[in-house]
Protein chains: 2
Amino acid sequence: MRDNNEMPGHLARRFQQIAVAVFLAEVEEAGFDLTPVQYATLAAIRTNPGVDQVTLAGLIAYDRTTITGVVDRLVQRGLLIRHPSPRDRRARELQITEAGKRTLRAITPAVEEAQRTMLRGLTAKEGTELMRLLRKAIAAGNELSRAPLREAELR
Amino acid sequence: MRDNNEMPGHLARRFQQIAVAVFLAEVEEAGFDLTPVQYATLAAIRTNPGVDQVTLAGLIAYDRTTITGVVDRLVQRGLLIRHPSPRDRRARELQITEAGKRTLRAITPAVEEAQRTMLRGLTAKEGTELMRLLRKAIAAGNELSRAPLREAELR
DNA sequence: TACTGATAATCAGCATGCTGATCAATATTT
DNA sequence: AAATATTGATCAGCATGCTGATTATCAGTA
């Protein structure tokens, strides 16, 4: 039996576990209550106003069924607006509200700090290399999960 | 706003997402139905028969409240036995059953294959380096999550 | 145009993974 | 020994994240 420390899957889980904990701690310290998933959702919608949920899911590599609940909670809190698309009555277009934009702006320093903290054991060069290797491994495995990353298509 | 591909937290989530999908696919192909968490639990108990749940949680860096449910399901399926500790009536000692051992043995090739698959985009050297960097980052952040890795103590 | 297949969103169901609380039992202090 | 603190397990509650199904709608074809 291989040692846990030799299992990429175990290391992936641990690193992600720490990344989430660091994110939540930094964000809470800044006086906000937002999960990594909620943050990514807000940021993606600000950059792509009016996206539908499937496209949004592809942009940040979420499962489409997970998005529903995440968006629900953000709408409930007044950070997003969801309305039917005029072009396709199946789809819902998503817009960020002013409160959502304010939250994003205010929270950004904490998010940046969290990204630094989760690499704090590494030198700058090692941190860059870790990110490169993760990107490369992810690119090769993109299609293996149910929620692959997708480029946005023009509509 | 930083690009997602420059955010270690985003990369961590994606890599973990792919790792889990690969694990489940390989294991299912081998004819089993076991999650990564369940596998790690079985393996840790086989190596440390009679551990209590808190120690187990520390060995594989799980939250103690998560362990309860995981062990429940494994006991239900007859892969584990949970019985009160004679030394401490608060604690439950965990043992792996014969069925549990058989499952572990039978599933090992699939788990090994999954570990290779999740690094398939990298050269051997890059894979080794990725694991080294993850271990280093994790060691530095170990105490930042609610479920840090803990050495087993002799009892 | 009627039919067929694909697509957007949602849902039920299950398994992590966490926060914070409770209960029983043990350990420590006074 | 009595009072206090700590610890092991569990629980309720919430948020991902997935599988597989359903519903409404759209797009392409016969």
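By convention in this document, chain letters (A, B, ...) are assigned in the order of the sequence lines, proteins followed by strands, and residues within each chain are numbered from 1.
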Are [X] and [Y] side-chain neighbours, meaning at least one heavy-atom pair lies under 4.5 Å?
X	Y	value
Y39(A)	M7(B)	yes
R120(A)	V22(A)	no
R87(A)	E93(A)	yes
L11(A)	I138(B)	yes
F23(B)	T117(B)	no

From [atom1] of [X] over to [atom2] of [N], roughly how many Å is that when rounded to an integer?
X	N	atom1	atom2	value
Y62(B)	dT19(C)	OH	P	17 Å
Q16(B)	dG17(C)	CD	P	7 Å
R13(B)	dG17(C)	CZ	P	15 Å
D63(A)	dA15(C)	CG	P	17 Å
I67(B)	dA9(D)	CD1	P	10 Å
F15(A)	dG17(C)	CZ	C1'	18 Å
Q38(B)	dC14(C)	CD	C1'	11 Å
Q17(B)	dA15(C)	CD	P	20 Å

Report all interatomic pairs (protein N or O, nucleotide N or O of nucleotides 22-25 of chain D) with separations under 3.5 Å.
| from | atom 1 | to | atom 2 | distance (Å) |
| --- | --- | --- | --- | --- |
| dT25(D) | O2 | R90(A) | NH1 | 3.2 |

query: For the side chain of R92(A), counting heavy atoms from C-beta on, which of dT16(D), dT10(C), dT19(C) is nearest?
result: dT10(C)
query: Nearest to the side chain of V70(B) - dT16(C), dT10(D), dA9(C)?
result: dT16(C)
[N] phosphate, OP1 or OP2: any side-chain N/O from [X] under 4.0 angstrom?
X	N	result
Q53(A)	dT10(C)	yes
T68(B)	dT10(D)	yes
S85(B)	dG8(D)	no

task: Please tell me which of R73(B) and R82(A) maps to the more 5' nucleotide of DNA chain C, matching each residue to the nucleotide holding its nearest heavy atom.
output: R82(A)
- prompt: Starting at the 5' end of DNA chain C and moving along, which residue's nearest nucleotide shows up first, A91(A) or A147(B)?
  reply: A91(A)
field: Pair R116(A) + E6(B): basic N to acidic O under 4.0 Å
entry: no
Mind checking [X] for me? I need base, sugar-phosphate or nothing, with any heavy atom below 4.0 Å counting as a touch.
X	answer
V20(A)	nothing
T65(B)	base
T66(B)	base

statement: Taking every heavy atom of K136(A) against every heavy atom of E126(B), the minimum-distance pair comes out as NZ-OE1, 2.8 Å
field: Residue whose nearest DNA chain D nucleotide is more 5′ - V37(A) or E28(B)
entry: V37(A)
query: Are side-chain N/O atoms of D52(A) and T55(A) paired as donor and acceptor at under 3.5 Å?
result: yes
